There are 2 protein chains.
Amino acid sequence: MLTERQLLVLQVIVDEFIHTAQPVGSRSISKKDEVTFSSATIRNEMADLEEMGLIEKTHSSSGRVPSEKGYRFYVDHLLSPFRLSKQEVRSIQDAFRDQMLEFERVVQKSAGILSELTNYTSIILGPEVFDTKLKQLQIVPLTSQTAVAILVTNTGHVEHRAFNIPVEIEAVDLEKMVNILNERLSGVPLIKLHENIFREVGDLLKTHTQNYEKAFKYLQAALVDEQPAKLYVGGKTNILIQPEFKDLEKVRSLYSMMEKENEIAHLLRSTHPGLKVRIGHENEVDAMQDCSLITASYVLGDDQVGTIALLGPTRMEYNRVIQLMHVLSGQMTETFKSWYQK
Amino acid sequence: MLTERQLLVLQVIVDEFIHTAQPVGSRSISKKDEVTFSSATIRNEMADLEEMGLIEKTHSSSGRVPSEKGYRFYVDHLLSPFRLSKQEVRSIQDAFRDQMLEFERVVQKSAGILSELTNYTSIILGPEVFDTKLKQLQIVPLTSQTAVAILVTNTGHVEHRAFNIPVEIEAVDLEKMVNILNERLSGVPLIKLHENIFREVGDLLKTHTQNYEKAFKYLQAALVDEQPAKLYVGGKTNILIQPEFKDLEKVRSLYSMMEKENEIAHLLRSTHPGLKVRIGHENEVDAMQDCSLITASYVLGDDQVGTIALLGPTRMEYNRVIQLMHVLSGQMTETFKSWYQK
DNA sequence: TTTAGCACTCGTTAGAAGAGAGTGCTAACA
DNA sequence: TGTTAGCACTCTCTTCTAACGAGTGCTAAA
């Protein structure tokens with residue numbers, strides 16, 4: 001168990017290092033107002049803290065730097081009740097002031113704000129697909145051979161896909177098919193579309209349309225494709241500001257990891273609702289082992305949950321950032337709620 | 001006018017520098033098989049070339065490096081009839097082999113291939129909007145208060161936008177309106193939608209719907225919004241490989257410029273059809289003054305033109321890259337043509 | 001006209017010296 | 001017994017110097 005004094009020393013070290021990115025020496029700690037004891041005492045305490053694995057040296061005669069364990073402790077026990085400046089809260093609220101009624105817009109803007117306010121990189125992930133339900137299906141013929149299938153969800157999300165119409169299929173049949181599908185499948189969760197589409201409407205369709213098999217196969221392929229998760233990223237270049245990313249190789253590996261949208265989506269999905277902080281090696285991904293990832297969830301509609309995330313160096317302003325994410329995710333949830341409350 | 005020998009020397013310098021990124025000395029030139037004269041002779045020629053502004057030194061006793069003017073000359077006059085390896089052509093063709101029938105997919109994949117084959121960053125811009133014509137308009141109600149407006153173009157492009165339905169507007173009216181709009185506006189180029197939507201249908205709508213003014217205002221705002229140009233970017237991290245981007249500040253300014261999609265779109269738009277090379281300061285944008293940008297056009301449908309671009313250091317493999325872009329833009333045009341030929 | 005030779009330039013690298021920041025330990029102090 | 005002043009020691013970082021080498025420009029000879 002840590003003594004009061006050790007807690008204080010650890011707190012000062014982390015706070016200091018977060019702002020300066022430089023190892024913190026005993027003398028600079030003793031100069032702090034809230035510290036009343038001498039640098040020698042602090043050195044003793046630091047030796048203990050180091051033994052416990054909460055801080056480390058960069059070399060034998062350097063100041064101390066928080067270890068990952070140290071950050072973890074800090075996040076778990078030392079977050080002071082931090083108050084966001086009115087300005088910060090305002091700038092979030094202002095952004096939501098003007099009526100935005102498109103999911104994409106809200107999210108895009110949120111990502112922008114978050115990265116701007118923090119100088120880290122923000123990533124927002126849309127709600128999980130299996131909660132979304134089919135609202136309407138639509139086929140728009142383009143030429144005699146091609147058409148666009150459009151799928152609208154109850155969340156206002158629109159998915160579309162162009163496809164080829166095989167010669168042996170009549171446009172009329174397609175139309176019939178769509179009508180039937182609409183009638184039967186409206187309200188079905190997207191993720192169940194794949195099974196339902198067969199079970200429920202197979203027979204019905206067969207009796208009504210010619211060349212059912214083939215037409216259906218096409219339609220299905222066009223619609224029930226795995227939809228790549230949509231990510232909204234803000235402030236990608238902010239990473240480059242951080243001194244820990246002077247090393248181009250690190251930047252490179254981080255950026256190429258961010259290009260793999262699926263992986264990231266998966267990473268963010270796995271979060272339970274609420275706020276979670278992953279520090280350094282707590283992230284499974286190699287490229288992120290010098291980073292911390294903070295995730296929070298927002299609610300869309302009834303019980304669809306999406307994720308907002310913030311990626312920065314382990315030396316992150318946890319205090320402020322966590323508050324910000326609370327406010328933002330709350331604001332997003334609020335906004336979305338107003339869409340559905342009737 | 002340059003002598004044969006000067007041409008040869010310049011060519012060797014550029015070729016060499018493109019591969020090594022190191023200043024080229026007279027001795028290393030004289031070692032080349034195709035060079036039959038001594039290093040002293042070369043030094044004389046180099047002095048002349050430098051006087052003409054085609055090459056420069058990095059410091060008083062260094063080897064030579066092509067100047068921008070030198071690259072320009074090289075691109076204009078010294079591109080040897082380069083042959084792509086069969087492998088390269090194959091990998092492009094292979095990618096187009098499987099039937100892709102969605103514009104986005106083809107483009108996305110093309111961008112991927114191009115960046116992979118070149119190790120530079122590829123940017124593809126969709127066709128200009130004003131050539132695209134409205135195919136169908138659709139309104140899908142979500143709740144009593146919200147709906148999604150969907151717009152399909154003749155190219156299979158789908159644009160959508162959620163909007164709020166003011167209480168004083170009836171769903172029936174909206175539907176009527178959409179029907180009328182569809183009837184009258186199908187086939188109208190998108191860019192004219194804004195004017196036509198007023199002129200042609202204003203009167204008609206007034207007589208048929210209640211609360212026309214307001215409903216219409218909403219619909220219009222929902223649809224005729226300036227649509228942000230869609231960019232498809234591949235190999236963003238490739239820039240980081242290039243030795244000229246060891247400087248983080250450069251990387252940063254380049255990346256933040258790439259985040260301004262509108263600017264880039266504008267940049268690429270302004271290209272006349274055909275292939276164009278912009279070297280260093282020939283690019284107006286500040287962040288790109290150490291880069292070369294090669295643009296080529298592809299054709300979609302009747303006469304819609306889109307742009308594919310490649311961004312790399314001025315020290316670019318012009319020869320190979322230009323060939324690649326020819327093949328790729330051709331292949332894209334080919335593919336799109338097959339969609340519309342009936 | 002071409003080329004061999006040579007002095008000269010300048011960037012790069014390695015090593016040495018010194019400064020500075022910070023530590024651990026010891027001994028004195030309250 | 002906990003705290004602190006003092007001091008030797010460690011390690012990094014910066015600066016300076018010297019040596020090296022790649023490459024040039026110029027001169028003179030072939």
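Residue numbers start from 1 in every chain, and the chains themselves are labelled A, B, ... in the order their sequence lines are given, proteins ahead of strands. These numbers were taken from a predicted model, which means no experiment stands behind them.
- Around atom CD of A:Glu4, no more than 12 heavy atoms belonging to other residues, nucleotides or ligands sit under 6.0 Å away.
- Although no hydrogens or angles enter the test, the distance criterion places a donor-acceptor pair under 3.5 Å between the side chain of B:Ser62 and the main chain of B:Thr58.
- Considering only side-chain N and O atoms, B:Ser60 lies under 4.0 angstrom from the phosphate OP1 or OP2 of C:dC10.
- Atom P of nucleotide C:dG11 and atom NE2 of B:His59 are separated by 5 Å, given to the nearest angstrom.
- The CD-C1' distance, from A:Gln22 to D:dC11, rounds to 15 Å in whole Å.
- In this entry the distance linking CG of A:Asp48 with P of D:dT3 reads 11 Å, nearest Å.
- Rounded to whole angstrom, the span from the CD1 atom of A:Ile42 across to the C1' atom of C:dC25 amounts to 17 Å.
- Residues B:Ala40 and A:Arg64 each lie close to DNA chain C; by heavy-atom proximity, the contact nearer the 5' end of the strand is made by B:Ala40.
- Dashed line: the shortest gap from a side-chain N or O of B:Thr41 to OP1 or OP2 of C:dT3 is under 4.0 Å.
- For CD of A:Gln87, the number of neighbouring non-hydrogen atoms (other residues, nucleotides, ligands) closer than 6.0 Å is 12 at most.
- Distance B:Glu56 CD to C:dC10 P: 17 Å, rounded to the nearest Å.
- Between the CZ atom of B:Phe37 and the C1' atom of C:dT3 there is a distance of 13 Å, given to the nearest Å.
- Applying the 4.0 Å criterion to OP1 and OP2 of C:dA21, one finds that A:Arg43 has every side-chain N and O outside that range.
- Close to D:dA5, at under 4.0 Å from its OP1 or OP2, lies no side-chain N or O of A:Arg27.
- The base of D:dT10 is paired with the side chain of A:Ser61 by a donor and an acceptor separated by under 3.5 Å.
- Between B:Thr58 and A:Gly25, it is B:Thr58 whose nearest contact on DNA chain C lies nearer the 5' terminus.
- Each of C:dT23, D:dT4, D:dT24 was ranked by its minimum atom distance to the side chain of A:Met46; first place goes to C:dT23.
- Within the 4.5 Å cutoff, the side chain of B:Leu324 has heavy atoms near those of the B:Ile92 side chain.
- Using a 4.0 Å heavy-atom cutoff across all strands shown, B:Ser26 reaches sugar-phosphate atoms only and no base atom.
- The residue from B:Val9, B:Val14, B:Leu10 that alone fulfils the side-chain contact (heavy atoms from CB on, under 4.5 Å) condition with B:Leu54 is B:Leu10.
- When rounded to the nearest whole Å, the span between CD of B:Glu4 and C1' of C:dT2 equals 18 Å.
- Within the 4.0 Å cut-off from OP1 or OP2 of C:dA21, not a single side-chain nitrogen or oxygen of A:Lys57 is found.
- Nearest to the side-chain atoms of B:Asn44 among the listed nucleotides D:dT12, C:dT3, C:dG11 stands C:dT3.
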